[in-house]
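Numbers restart at 1 for each chain; the letters A, B, ... are given by sequence-line order, proteins then strands. This is a predicted model, so every value here is computed, not measured.
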Amino acid sequence: MKYSYKEIEAKWRKRWKEWKLYDTPQTPEKKFYQLEMFPYLSGDIHIGHFRNYVIGDFVWRYKKMHGYDLLHPFGYDAFGIPAEEAAIKRGASPRKWTDENLATGTQTLKALGISYDWSREVRTCDPDYYKWTQWLFIKLFGKGLAYRDTSLVNWCPSCNTVLANEQVIGGKCWRCEAVVEKRELEQWFFKITSYAQRLLRNLDRLKDWPEPVKIMQRNWIGRSEGAELVFELKDNPDVKLPIFTTRPDTVYGVTFMAIAPEHKLVSKLLEQMPNKEEVIAYRDAALAKSEIERMAEDREKDGVDTGLRVRNPFNNEDVQLWVADYVLASYGTGMVMAVPAHDQRDFEFAKRYGIPIKIVIQPPDRELKLEEMEAAYVDPGVMVNSGPFDGISSVEGIRKVAEYAADKDFGKPAVSYRLRDWLISRQRYWGAPIPMIHCPKCGMVPVPDEELPVLLPDESKVDFVPKGRSPLESVREFMSVRCPKCGADAKRDADTMDTFVDSAWYHLRYVDPHNEKVIFSKSEAEKWLPIDLYIGGAEHATGHLLYFRFMTMFLYDLGICPVEEPAARLFNHGMVLDEQGDVMSKSKGNAISPRELIDRIGVDAARVAMLFFAPPGHEVLWSEKGIKGSTRFLERIYAEAMTAAQIEAKDYDPAQLEGDELAIYRAIHKTIKQVTDDCNEMGYNTAIARMMEFVSLYANSETKTSAVARDAMEKLTKLIAPFAPFLAEELWEAFGNKDSVFNSQWPNYDKGAVVEEAVTIVVQVNGKLRGKLEVSKDAPKDEVIAAAREIEVVKGYLTTKPKKTIYVPGRLVNFVV
RNA sequence: GCCGGGAUGGUGAAAUUGGCAGACACAAGGGACUUAAAAUCCCUCGGAGGAAACUCCGUGCCGGUUCGAGUCCGGCUCCCGGCACCA
């Protein structure tokens, strides 16, 4: 009998559709929300997507056979720059280009038979969807969490748009890898920092998230505890210089202050600076440098003295105020108190410019001497030269100094985060327009809810070529609008939103994707949330996965979303690489197209190969040769199962079985146990190995004509179903079943059949293997040891009485001589 | 520099958490079938020695704990990711 995957796959694709197998139940009793990260397509889906969706599809099928009611939706992240780039390069329309890609992708996914409920599909570029993205913006604005501010922002000179902090990877643009510049621009931000503490704290509750992702998020949020201390300008005490430090205990060691060159105060104080000219020159030079240049590791720190003096409120000492670009404008207050003795950066700076160094912490075990210091002493110790704090441990001092400052009204304990607010406006066309109106009288006014969505103007009217300002700005009929408040002539906001805003809430829309009245109904959300298993690549750890937690939390606070955290469990699958271990990509020409695989080897063989090559969390080296093994395996199953299906089904008594029949019976039950255990742990590669072993054993047994054999192969059909669904349905039908195999129950195993009655005991002498012993599973200890002693090889070593005999029941005997 | 993860045959990987290292595959070699090839089936397959029985060595390196270590502890090396002047 020939296994013809093409016919079988076509047949079951059609049947599943007729059966509406993937429809989402309306009233789930045992709910499971399975979600894979939706894709951004700039062509067909690729092999990496295929892996992600096969894992998700496996979970759907496996859970389905365990009686779960599943939500398994799909959609597309469809706004974004590549669509515009295609438009510019080929004159295609961004929407048409996008639609074509999505049509291709959808066709492939349907051919693959992935278990998506397509009736719930969402596309972020559809007005029905981005209407709610805009609505969300307005809600955030209403709560003061969307704000506009002028600041130094990341600018990609190649994409001609600003970028969020999370989109700058090592100083380069995440998309095009151009070196990112800094520009002072007025932009829209989401105040994700006001959720920093919750985003951090909740990580402890996410028990089923991978630890590395949580660690990355913790580091990204970067909470530091310390104090804010307020210094004053010596000649003008009204000018306050607040700083953040994690080491208030070192405040008596301050010998200078440093401020970031781009800090607003630098320009403000310029007129008062004795060294005004040098400061201007230094500032302008610093601003001209790229982030990469400024942060180069081997670069010597430099700066310029302003000539101004700053008073330390603790000891009333006056120190120099320097402008130095090792100080970050965007962290803390943009200025630092410099303690060269106890901070390595300050130490290097002070050494270079001959600024005094003052020791205020002494190590517990030795005495620091100024002339011997080659690096800052940063560890804890005892406070010295610190006025009332002398003799206190530095650890205690951190708290005491902060409290003292609070008491005297020149500081307070403070917490600072590394996380920056999320810059979400983009100077590009293909995104959701920011639903705000700039009125000369009323200022910024949100578009009223009933006027949403603010539609993207027709692309025929837009010149997409990026010029550093939003293309929408030149579309007059889009821009000019009446103020909803006062009716005056006003202008729309011309920017569009970062696509990460679109993808920060799509998981919520899936629960109620066609609702026209609200973003999603609470009752639907309560049915399905949270996501039970979210599968995607680890590269989203500090981008999407942070944003989607933030947005879920925000909607929870609004009382719309029933859960504070979006996903109960997160799973990161590994990448798919070619046989040499290189990343597959179109440009390298080493990419494998899923569509081509469907054609050449069939969906089932491709799935089994993908799941067999490596555990899902590992990277996979896609092996064209390795595919053979899975094809052979499926052909063998097909041949054996089709033959077994001809046997008449009959009840049998397992207790009466013997010989080959008993062997098959025991083997299939053992296989059920192992495959089930492996699948529960996502050990798909070993689950397949266990089934391969069973098939070998089965194929080699003499009697394959009994009801036992038939029953075993029918059970194997269920085991293989989540791996090779098309094949399984075909076999399931051959066994005389009328309904889908996925509506059948996952098999249970006979516990009695799984226990081996004979076990192999390993016999060791001094921990080295010297022999083996077959004994009954409940042979008494003495008997086993006696038998072990009788093994010829072992005898040779036991010339004297063993010092000690280790006995592990069912495992081993170890004689120590 | 800091924080993660990893290193097991020619290759992808297994190893019930301290108990037979290399399951299951791929590749390779040999054989059967065939006019021939493909497909299929069978055998060998970590290294060294040995006709064989069997022995020695072997999970990145060095040391330790233990009757027994791929697994635990201490110290390294290399690879891969993340962060990177965060005061």
What I want to find out is whether A:R283 reaches A:E262 closely enough, with some N-O distance under 4.0 Å, to be called a salt bridge. no
Can you give me every donor-acceptor pair (side chain of residues 335-343 of chain A, partner residue at least two apart or in another chain, under 3.5 Å) with its distance?
{"from": "A:H342", "atom 1": "ND1", "to": "A:Y377", "atom 2": "O", "distance (Å)": "2.8"}
{"from": "A:H342", "atom 1": "NE2", "to": "A:V360", "atom 2": "N", "distance (Å)": "3.0"}
{"from": "A:H342", "atom 1": "NE2", "to": "A:I361", "atom 2": "N", "distance (Å)": "3.1"}
{"from": "A:D343", "atom 1": "OD1", "to": "A:R345", "atom 2": "N", "distance (Å)": "2.9"}
{"from": "A:D343", "atom 1": "OD1", "to": "A:R345", "atom 2": "NE", "distance (Å)": "3.2"}
{"from": "A:D343", "atom 1": "OD1", "to": "A:D346", "atom 2": "N", "distance (Å)": "3.1"}
{"from": "A:D343", "atom 1": "OD2", "to": "A:R345", "atom 2": "NH2", "distance (Å)": "2.6"}

Which nucleotide sits closest to the side chain of A:D343: B:A25, B:A87, B:A13? B:A87
Would B:G9 be called syn or anti, given that syn covers angles within 90° of 0? syn
Please list, chain by chain and in numerical order, all residues satisfying side-chain hydrogen bond (donor to acceptor under 3.5 Å, both in side chains) with A:D750, sequence neighbours excluded. A:Y665
Show me the dot-bracket string of RNA chain B, counting Watson-Crick or G-U pairs under 3.5 Å, with | for pairs to another strand and [ ] for crossing ones. (((((((..(((......[....))).(((((.......))))).((((....))))..(((((..]....))))))))))))....
Classify the angle between the aromatic ring planes of A:F256 and A:F349 as parallel (below 30°), tilted (30 to 60°) or perpendicular (above 60°). parallel
Could you tell me how the ring of A:F613 sits relative to the ring of A:W622: parallel (under 30°), tilted (30 to 60°) or perpendicular (over 60°)? perpendicular
Working note: A:Y684 + A:F58, criterion ring pair (Phe, Tyr, Trp, His ring centres under 6.0 Å); need CA distance, chi angles, decisive distance, verdict. CA-CA 9 Å; A:Y684 305 134; A:F58 182 97; 4.2 Å; yes
Test for a donor-acceptor pair under 3.5 Å between the base of B:C26 and the side chain of A:K628, counting only N and O atoms. no
Residue-level proximity of residues 803-817 of chain A to RNA chain B when a heavy atom falls under 4.0 Å: A:K804, A:I806, A:V808, A:R811, A:L812, A:N814, A:V816
Would you mind writing out the side-chain donor-acceptor pairs for residues 685-696 of chain A within the sub-3.5 Å range, not counting sequence neighbours?
{"from": "A:T686", "atom 1": "OG1", "to": "A:D678", "atom 2": "OD2", "distance (Å)": "3.0"}
{"from": "A:T686", "atom 1": "OG1", "to": "A:G683", "atom 2": "O", "distance (Å)": "3.0"}
{"from": "A:R690", "atom 1": "NE", "to": "A:E693", "atom 2": "OE1", "distance (Å)": "2.6"}
{"from": "A:R690", "atom 1": "NH2", "to": "A:E693", "atom 2": "OE1", "distance (Å)": "3.1"}
{"from": "A:S696", "atom 1": "OG", "to": "A:M692", "atom 2": "O", "distance (Å)": "3.4"}

Pairs under 3.5 angstrom, nitrogen or oxygen only, protein versus nucleotides 21-23 of chain B, please.
{"from": "B:A23", "atom 1": "O2'", "to": "A:E693", "atom 2": "OE2", "distance (Å)": "3.3"}
{"from": "B:A23", "atom 1": "N3", "to": "A:R690", "atom 2": "NH2", "distance (Å)": "3.1"}

Syn or anti for B:U59 (syn when the glycosidic angle lies within 90° of 0): anti
Starting at CG of A:N154 and ending at C1' of B:A84, how long is that distance when rounded to a whole Å? 15 Å
